[in-house]
2 protein chains.
Amino acid sequence: MTTPATDWLRLDQQICFSLNAASRAFGGVYRVVLKDLGLTYPQYLVLLVLWEHGELPVKRLGEHLRLDSGTLSPLLKRLEAAGLVRRERSARDERSVEVRLTPEGAALRERAAEVPRRIAAATGLDVTEVQDLRDRLERLTAALDAYGTDPAPAPS
Amino acid sequence: MTTPATDWLRLDQQICFSLNAASRAFGGVYRVVLKDLGLTYPQYLVLLVLWEHGELPVKRLGEHLRLDSGTLSPLLKRLEAAGLVRRERSARDERSVEVRLTPEGAALRERAAEVPRRIAAATGLDVTEVQDLRDRLERLTAALDAYGTDPAPAPS
DNA sequence: CGCAACTAAGTTGCGCGCAACTTAATGACG
DNA sequence: CGTCATTAAGTTGCGCGCAACTTAGTTGCG
């Protein structure tokens, strides 16, 4: 026989658990690195998107970050209270809220320039390893997202 | 030139983000699969450890799961309220609290037997891919944990 | 036009995850 | 034996992340 059932049945737990553990370990490193910017990791992600794309509605922000308004609304409120972003109703569509950087928020970009390098150093990975891992994880996420939607996918 | 600075600087974000996204996608699948057991994923993890090791103190549980008492205490309280575990002060060391399964908690193991297979199916990965990914993630977690502790590790 | 279906944000509630702190018990050491 | 550092659990506070719901604005269609 190949793999005993008990071993096999434990692999799923190991993969999700190690994923989870790695994600939380990253959180710890980001917490240290972002401390003097006064940002949490999710807040930093929002600013990354805004630095790249300029202003955009909450909806689009959520698509980039895989987050819904239930998470983003209070988070953006905190960023606004910190003076880093402004939120204003779109004139074209009164349902939509445009999020844009304040001068302070835009200026923070330079102070954050060091962050990626420090994180990359903490991983101990080189560029090709990072790319490979990222690709695998994105395929995995796509497969997991398909669960429920697509119970019997055509084998590639 | 090799990789432009901007590309390079973005890789860290991609790896942590895709890690995060995969972890949350897993959460969604587990939420569906664990729904009729009335468990969250962290609660399921606690039960997995108890099913394997029998009774053990909160401290040990936390070492297995990478969680502290701040997270475990309320979680265990909920599991106790659900009738799945009992908590009692150790006689040998009055500081310690032993967590053990109730008959109901032990019985839940059989109803949970299907879970790993369903999760494994949702990942679309085979055994070797899972092992490889898990190994990489564990090395990554170890590297991230060393951050701050070991600023200049000897290059293997 | 009028009304139903849809869509974007926001709110509420709950369970982590973690920092910071408190309480209580143990161990070490003079 | 007393005192002081250490350890285990628990509590508090806060920020996600997500389900479920509400509110308000838009679109489609007869």
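In what follows, chains carry the letters A, B, and so on, assigned in the order in which the sequence lines appear, proteins first and then strands, with residues in each chain numbered from 1.
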Inset, instruction - With DNA chain D as reference, determine whether G70(A) or A91(A) sits nearer its 5' end, using the nearest nucleotide of each. - result: G70(A)

Inset, instruction - Ignoring the backbone of V97(A), work out which of dA9(D), dG10(C), dC18(C) is nearest its side chain. - result: dG10(C)

Inset, instruction - Mind checking R87(A) for me? I need base, sugar-phosphate or nothing, with any heavy atom below 4.0 Å counting as a touch. - result: sugar-phosphate

Inset, instruction - Between dC16(C), dC18(D), dA25(C), spot the one nearest the side chain of D93(B), thanks. - result: dA25(C)

Inset, instruction - Ignoring the backbone of D68(A), work out which of dC18(D), dA9(D), dC16(D) is nearest its side chain. - result: dC18(D)

Legend entry - Separation of atom CD in E94(A) from atom C1' in dT23(D), rounded to whole Å: 14 Å

Legend entry - dT11(D) OP1/OP2 closer than 4.0 Å to side-chain N/O of K77(B): yes

Inset, instruction - Tell me which of P74(A) and G28(B) sits closer to the 5' end of DNA chain D, going by the nucleotide each one is nearest to. - result: P74(A)

Inset, instruction - Output yes when at least one side-chain N/O atom of R89(A) is less than 4.0 Å from OP1 or OP2 of dG25(D), else no. - result: no

Inset, instruction - Would you indicate whether the side-chain heavy atoms of L133(A) and L19(B) approach each other to under 4.5 Å? - result: no

Inset, instruction - Output yes when at least one side-chain N/O atom of S73(A) is less than 4.0 Å from OP1 or OP2 of dG10(C), else no. - result: yes

Legend entry - Between dG15(C) (P) and L45(B) (CG): distance, integer Å: 17 Å

Inset, instruction - May I ask you to say what L75(B) touches in the nucleic acid, namely base, sugar-phosphate or nothing, with a heavy-atom cut-off under 4.0 Å? - result: sugar-phosphate

Inset, instruction - For T71(A) and for R92(B), locate the closest nucleotide of DNA chain C by heavy-atom distance; then report the residue assigned to the nucleotide nearer the 5' terminus. - result: T71(A)

Legend entry - Polar pair under 3.5 Å, donor/acceptor by atom type, side chain T40(B), base dG15(C): no

Legend entry - Value in whole Å for how far the C1' atom of dC16(D) lies from CG of N20(A): 14 Å

Inset, instruction - Would you mind telling me which of dA8(C), dC16(C), dG17(D) lies closest to the side-chain atoms of S96(A)? - result: dA8(C)

Legend entry - Interatomic distance, E88(B) CD vs dA25(C) P [rounded to whole Å]: 17 Å

Legend entry - Distance, rounded to the nearest Å, where L65(B) contributes CG and dG17(C) contributes P: 9 Å

Inset, instruction - Please state how far atom CG in L61(B) lies from atom C1' in dG17(C), giving the value in whole angstrom units. - result: 15 Å

Inset, instruction - Would you state whether a donor and an acceptor, one from the side chain of R95(A) and one from the base of dT26(D), lie under 3.5 Å apart? - result: no

Inset, instruction - Remember a base hit wins even if backbone is also touched, and classify L67(B) as base, sugar-phosphate or nothing at under 4.0 Å, heavy atoms. - result: sugar-phosphate

Inset, instruction - Please examine the side chains of E138(B) and Q14(A), heavy atoms only from C-beta on, and report whether any two atoms are closer than 4.5 Å. - result: no

Inset, instruction - Would you check if R118(B) and Y147(A) make a side-chain contact, meaning some heavy-atom pair closer than 4.5 Å? - result: yes

Inset, instruction - With rounding to the nearest 0.5 Å, note down the distance linking CG in D126(A) to OG1 in T123(A). - result: 9.0 Å

Legend entry - Distance test, side-chain N/O of R78(B) to OP1/OP2 of dC16(C), below 4.0 Å: yes

Legend entry - Pairing nucleotide - dG30(D), Watson-Crick or G-U, each distance under 3.5 Å: dC1(C)

Legend entry - salt bridge (Lys or Arg N to Asp or Glu O under 4.0 Å) between E94(B) and R89(B), worked out: CA-CA 6 Å; E94(B) 287 280 329; R89(B) 290 275 159 194; 5.6 Å; no

Inset, instruction - Round to the nearest Å and state the distance from F17(A) atom CZ to dG17(C) atom C1'. - result: 13 Å

Inset, instruction - May I ask you to evaluate whether R31(B) reaches the phosphate of dA19(D), defined as a side-chain N or O under 4.0 Å from OP1 or OP2? - result: yes

Legend entry - Between dT11(C) (P) and L72(A) (CG): distance, integer Å: 13 Å

Legend entry - Side-chain heavy atoms of L61(A) within contact of L76(A), under 4.5 Å: yes

